[in-house]
2 protein chains.
Amino acid sequence: MRKKRRGCDVPEATIHRLPLYLEKLKLLQAIGVEDVSSRQLAESLDIKASQLRHDFHYFGGFSRPGRPYQVEKLVPALEQIIGIDEPVPTIIVGAGHLGQALANYQNLGLQGFPLHGIFDVNPRLIGLEIRGQAIRDLADMPDIVKRDHILMGIITVPAANAQQVADRMVEAGIVGIFNFAPTDLKVPEGVVVRNERMAVGIMALSFKVKCILESRLSESPADEVGAPGKTTAEGEGDD
Amino acid sequence: MRKKRRGCDVPEATIHRLPLYLEKLKLLQAIGVEDVSSRQLAESLDIKASQLRHDFHYFGGFSRPGRPYQVEKLVPALEQIIGIDEPVPTIIVGAGHLGQALANYQNLGLQGFPLHGIFDVNPRLIGLEIRGQAIRDLADMPDIVKRDHILMGIITVPAANAQQVADRMVEAGIVGIFNFAPTDLKVPEGVVVRNERMAVGIMALSFKVKCILESRLSESPADEVGAPGKTTAEGEGDD
DNA sequence: TAGATTGTTAATCGATTAACAATC
DNA sequence: TAGATTGTTAATCGATTAACAATC
């Protein structure tokens, strides 16, 4: 099982780099840069130029051999590939602290995902306004999803309710679910779920912190507490 | 460059699975399961048993050949490996909507990362209480970090201020930074940053949604809008 | 032209999976 | 014992990197 490649035959790792390319290119665009070579762009993202060209090669035809990429052409090309050349209306289910935080995060809209509704079942929350949008009863969600042809939903309810919400979203016609609840969701084929597990992130970080502390101890056993070494080398980022 | 392996010589992919193993094991523990085989545990996580054993093999000695894993032993072993056998005190800098949402997310504390302070520079926020903790002036952060030997910091400030906050955290002695600001941080060697880029997540999702829609069109060109296919197969999860 | 660049294929590297001896 | 299990190494698979012809 799990043989057939999902989604357009592009590896997962490449998909995750597309938004980073787009972001950097938009930054260049904003400061008026017209041309950029694979080497320049790759360097600014701390990856190899050949990897960038290899990634682009899945889609092909961004430039011609010999000529660098034109920022003005690459930005819309990537937007189209990612699927945000047209705004992608999005809803949030779960108007607790996290849901409200996301609803307030205007960047989502600017990035191409305008909020078309935030829903909850809690009567105390329903009616409350966030950035000019009233929190609505979850019961109204399906109608709005169908009316506005909404494909994207964000789940920010407690883990115990997440599956039920996902079922209702799928039933209404949503195809992509961004799940912040710390639980796995079962969805039918033809629906994509992306889990945003905060606990995984902070634990992975914790593991690395532990490793750093251990290596510090072994390198300089008589280290002073409170004097953090004042090293000044290059950073150590993650995805 | 970038040759020497980071963090205890364990591949990134394995590190990210450790929290998932732990989570599932805690669930088993809660319902009173005593023994679990690699096959059972792997199946519930939708991975191969050999991968799980391979992962465990980096640390070694969780069981003996022929005997399944004992949940009661594996849980603390993994907690120790991840570095959360002792609570890891954590601070949040940035008490906006997201910062407040994280501060309210009690799971963080339950997972081993008790909140030892939430800070901001906005005088309107300073003093406001969240779960019994007052938002403090960012200026007080270094003292508290040093006093409580805090190693972990979460950044939820706007992108423009994130680097400055990171610098101050590092200066104070923080070693692991969980960065929610959509910008790259430069930190000295011996400090780990993990970027939580929401935009990347939702755009990767968008790409896949676009792929699904395209494949739907090519498979059934005369598809009705509003009739979402009613497929009922197995889900299609991501990490 | 010479130097720089892309698109594209081949080589390398690392991660996943399979296989199996040792053990219960 | 027979069947099931782990730890561990080898085989496979996929992703990254290098190389280079074609082009400007």
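The structure presented is a predicted model; accordingly, all values stated were derived computationally and were not measured. Residue numbers start from 1 in every chain, and the chains themselves are labelled A, B, ... in the order their sequence lines are given, proteins ahead of strands.
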* **Comparing A/Ala13 and B/Gly60 on DNA chain D - which has the more 5′ nearest nucleotide** =>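 The residue whose closest nucleotide sits nearer the 5' end is B/Gly60.
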Quick check for you: among [options], whose closest atom lies nearest to any side-chain atom of [X]?
{"X": "B/Arg53", "options": "C/dA19, C/dT5, C/dT17", "result": "C/dA19"}
{"X": "B/Pro65", "options": "D/dT17, D/dA10, D/dG7", "result": "D/dG7"}
{"X": "A/Ser37", "options": "C/dT6, D/dT17, D/dT8", "result": "C/dT6"}
{"X": "A/Ser63", "options": "C/dA18, D/dT6, C/dT6", "result": "C/dT6"}
{"X": "A/Arg64", "options": "C/dC24, C/dT23, D/dC24", "result": "D/dC24"}
{"X": "A/His54", "options": "D/dG7, C/dT9, C/dA18", "result": "C/dT9"}

* Has B/Gln80 got more than 12 heavy atoms of other residues, nucleotides or ligands less than 6.0 Å from its CD? -> no
* To do: Step through the shown structure and confirm whether more than 12 heavy atoms of other residues, nucleotides or ligands are within 6.0 Å of NZ on A/Lys26.
  => yes
In whole angstrom, give the distance that lies between atom [atom1] of [X] and atom [atom2] of [N].
{"X": "A/Leu52", "N": "D/dT16", "atom1": "CG", "atom2": "P", "result": "12 Å"}
{"X": "A/Gln51", "N": "C/dG14", "atom1": "CD", "atom2": "P", "result": "14 Å"}
{"X": "A/His16", "N": "D/dT16", "atom1": "NE2", "atom2": "P", "result": "11 Å"}

* **Salt-bridge present (B/Glu196, B/Arg194; N to O < 4.0 Å)** =>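 Salt bridge present between B/Glu196 and B/Arg194.
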* Before accepting this row, confirm whether a basic side-chain N of the pair B/Lys73/B/Asp35 lies closer than 4.0 Å to the acidic partner's carboxylate O. => no
* Asked: At under 4.0 Å between heavy atoms, what does B/Ser50 touch on the DNA or RNA strands: base, sugar-phosphate, or nothing?
  ->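 Base contact - B/Ser50 has a heavy atom under 4.0 Å of at least one base atom.
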* Looking for any heavy atom pair under 4.0 Å, which part of the strands does A/Tyr69 touch: base, sugar-phosphate only, or nothing? -> sugar-phosphate
* Asked: Dot-bracket for DNA chain D, 5' to 3', counting Watson-Crick or G-U wobble pairs under 3.5 Å, with [ ] for crossing pairs and | for inter-strand pairs?
  -> ..||||||||||||||||||||||
* To do: Verify the distance criterion only: is there a donor paired with an acceptor across the side chains of B/Asp55 and B/Tyr21 at less than 3.5 Å?
  => yes
* Going from NZ on B/Lys208 to CE on B/Met203, what distance comes out if it is rounded to the nearest 0.5 angstrom? -> 15.0 Å
